[in-house]
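Worksheet: the structure to be examined is printed underneath.
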Amino acid sequence: LTPIIMASKKNRRASATNAKLQEWLNTYAKRLERGSSISITSALLLAAMGAGLVALKVEDDFVAYLSERTEVRRDTDFALEHLAGPSHIELELEAENGVFTSETMSEILRLTEEMRAIEDVANATSVTDSMANILRAFGETVPLTEMSPDALAQYWLVYELGLRAGDSASDIVSQDHTKTHIPLLLSSIKASDVRAIEQEVEELVRNEYSSVKGIITGENSPVAHLSTSNLPAIAKTVVTSLAITSVLLGIVFQNWRFALNAMVAITLPILCGLGALGWKCGEIGLSGAFVIAIALGVVIDDAIHSLYQPQTAIERGESAINSTRYLFHRVGVPMFPTMLHF
């Protein structure tokens with residue numbers, strides 16, 4: 001139905017635009033015939049756009065994908081404006097000799113303070129904070145890091161007995177007293193920032209602490225790695241599709257040079273598009289990768305037209321210049337808007 005409706009309601013403004021565009025393309029084709037090509041300028045422009053690839057990095061802010069009309073987006077924006085932030089990760093720690101030893105307590109206390117000093121970490125809490133409150137409530141004068149394992153366990157038992165019905169101390173320390181976790185509240189929700197914090201914390205535990213082993217968990221941890229884990233797969237799919245398309249075109253036209261030209265004609269717009277994205281915002285995430293995968297079909301379609309039309313003209317005996325003019329006259333108008341849209 002769409003073509004029928006569009007045919008019955010012809011847009012005069014669009015027709016005028018197409019006529020102007022065709023006129024401009026015809027002028028350019030005549031310049032090609034006179035030999036006054038702007039190939040050097042075009043090459044420099046393409047190179048400048050492609051250079052933006054070096055500034056492109058994998059980044060994602062998944063909350064930003066949501067509309068400001070959604071409740072999650074509004075709550076997140078409120079948290080970022082008035083609180084520390086909505087994002088958090090957790091450091092799961094395992095102590096070989098148990099959590100309630102002076103050595104382990106000392107390392108957890110020091111580790112907690114070091115993580116609080118990390119940029120974009122708004123706060124970090126651990127079992128040592130709870131134990132400090134307990135000792136303070138009982139007027140204990142012996143420092144936390146100098147108490148015996150039995151004394152620490154007894155004070156923790158008192159904490160467990162004082163919990164309300166339904167609460168559990170295992171949310172902080174496991175029942176066998178070998179594991180604990182340190183929640184980290186983050187002031188940033190950028191995926192790259194979360195990954196950087198994860199790497200810094202894991203290297204800190206691995207290199208400077210001997211009595212505990214740690215691994216990062218939490219709801220924001222897997223989300224932060226979605227881009228880095230999926231983008232390579234998407235890129236591999238795009239490259240595979242490009243190669244298969246080029247080979248098939250070479251087989252259809254029975255010309256291996258046509259296949260190579262198709263490879264260049266498809267790859268160049270994609271690289272320039274990514275470069276332009278690098279200059280504009282410097283970031284690409286899952287949304288950008290999906291758009292590229294979808295736009296690949298448009299690029300392939302334009303590439304086939306830009307190669308097939310001159311090839312047809314050459315087979316009829318036209319020169320290289322006339323075959324290029326034929327391309328602009330034949331399919332220049334539909335190709336140009338789709339190229340700009342991409």
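Residues take their numbers from the sequence shown, with the count starting at 1.
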Considering residues, nucleotides and ligands other than [X], do more than 12 of their heavy atoms fall under 6.0 Å from its [atom1]?
{"X": "Arg316", "atom1": "CZ", "value": "yes"}
{"X": "Glu315", "atom1": "CD", "value": "yes"}
{"X": "Arg69", "atom1": "CZ", "value": "no"}
{"X": "Glu202", "atom1": "CD", "value": "yes"}
{"X": "Ile134", "atom1": "CD1", "value": "yes"}

Which heavy atom of [X] sits nearest a heavy atom of [Y], and at what distance?
{"X": "Leu144", "Y": "Leu152", "value": "CD1-CD2, 3.5 Å"}
{"X": "Ser221", "Y": "Glu198", "value": "OG-OE2, 2.7 Å"}
{"X": "Val299", "Y": "Ala265", "value": "CG1-O, 4.3 Å"}
{"X": "Ser168", "Y": "Leu163", "value": "C-CD1, 3.7 Å"}
{"X": "Met263", "Y": "Ala243", "value": "CE-CA, 4.2 Å"}
{"X": "Thr112", "Y": "Ser126", "value": "OG1-OG, 2.9 Å"}

Check residues 303-312 and write down every donor-acceptor pair under 3.5 Å in which the side-chain atom is one partner and the other belongs to a residue at least two apart or another chain.
{"unit_1": "Ser306", "atom_1": "OG", "unit_2": "Asp302", "atom_2": "O", "d": "3.2"}
{"unit_1": "Ser306", "atom_1": "OG", "unit_2": "Ala303", "atom_2": "O", "d": "2.8"}
{"unit_1": "Thr312", "atom_1": "OG1", "unit_2": "Tyr308", "atom_2": "O", "d": "2.9"}

If we only count heavy atoms from C-beta on, is the [X] to [Y] side-chain gap below 4.5 Å?
{"X": "Thr145", "Y": "Ser102", "value": "no"}
{"X": "Glu71", "Y": "Asp75", "value": "yes"}
{"X": "Leu184", "Y": "Val201", "value": "yes"}
{"X": "Met105", "Y": "Val99", "value": "yes"}
{"X": "Val173", "Y": "Lys179", "value": "no"}
{"X": "Glu113", "Y": "Arg110", "value": "no"}
{"X": "Thr267", "Y": "Leu242", "value": "yes"}
{"X": "Lys213", "Y": "Val205", "value": "no"}

*List the steps, then state whether side-chain contact (heavy atoms from CB on, under 4.5 Å) holds for Leu53 with Leu271.*
CA-CA 8 Å; Leu53 287 170; Leu271 294 180; 4.2 Å; yes
Using a distance-only test with no angle check, is there a side-chain donor-acceptor pair under 3.5 angstrom linking [X] and [Y]?
{"X": "Ser323", "Y": "Glu318", "answer": "no"}
{"X": "Thr237", "Y": "Thr240", "answer": "no"}
{"X": "Glu114", "Y": "Tyr209", "answer": "yes"}

Common cluster, [X]/[Y], ILVMFWY with side-chain heavy-atom separation under 4.5 Å:
{"X": "Phe138", "Y": "Leu157", "result": "no"}
{"X": "Ile244", "Y": "Leu249", "result": "no"}
{"X": "Phe258", "Y": "Ile314", "result": "no"}
{"X": "Leu204", "Y": "Val127", "result": "yes"}
{"X": "Ile216", "Y": "Ile172", "result": "yes"}

*Going by the salt bridge (charged side-chain N to carboxylate O under 4.0 Å, His left out) test, which pairs reach into residues 143-165, not counting sequence neighbours?*
Arg164-Asp167
Kindly compute the distance separating [atom1] ([X]) from [atom2] ([Y]), expressed to the nearest 0.5 Å.
{"X": "Leu277", "Y": "Cys272", "atom1": "CG", "atom2": "SG", "result": "12.5 Å"}
{"X": "Ile284", "Y": "Lys57", "atom1": "CD1", "atom2": "NZ", "result": "13.5 Å"}
{"X": "Leu135", "Y": "Thr128", "atom1": "CG", "atom2": "OG1", "result": "10.5 Å"}
{"X": "Ile182", "Y": "Ile89", "atom1": "CD1", "atom2": "CD1", "result": "11.0 Å"}
{"X": "Ile108", "Y": "Glu103", "atom1": "CD1", "atom2": "CD", "result": "11.0 Å"}

Main-chain N/O of [Y] paired with [X] side-chain donor or acceptor, under 3.5 Å:
{"X": "Glu140", "Y": "Val142", "value": "yes"}
{"X": "His181", "Y": "Thr217", "value": "no"}
{"X": "Asp301", "Y": "Gly297", "value": "no"}
{"X": "Asp120", "Y": "Ser187", "value": "no"}
{"X": "Trp156", "Y": "Ala169", "value": "no"}
{"X": "Arg116", "Y": "Val121", "value": "no"}

*Derivation and outcome, side-chain contact (heavy atoms from CB on, under 4.5 Å), residues Leu93 and Leu111*: CA-CA 11 Å; Leu93 292 175; Leu111 176 60; 4.0 Å; yes
*Give me the ring orientation class for Phe100 and His177: parallel if the planes are under 30° apart, tilted from 30 to 60°, perpendicular past 60°.*
perpendicular
*Please report the C-alpha distance between Glu200 and Met115 in whole Å, then the side-chain angles of each, then the deciding distance to 0.1 Å, and finally whether the side-chain contact (heavy atoms from CB on, under 4.5 Å) criterion is met.*
CA-CA 9 Å; Glu200 183 174 354; Met115 289 193 297; over 6 Å; no
*side-chain contact (heavy atoms from CB on, under 4.5 Å) between Arg74 and Glu68: does it pass, once the steps are laid out?*
CA-CA 6 Å; Arg74 292 197 302 268; Glu68 295 180 355; 5.7 Å; no
*asked:* If you apply the rule salt bridge (charged side-chain N to carboxylate O under 4.0 Å, His left out), what do you find for Asp129 with Arg136, and how did you get there?
replied: CA-CA 11 Å; Asp129 298 309; Arg136 190 180 304 111; over 6 Å; no
*Looking at Ile118, Asn123, Asp193, Val194, which hits side chain to side chain contact (heavy atoms under 4.5 Å, CB included) with Leu186?*
Val194
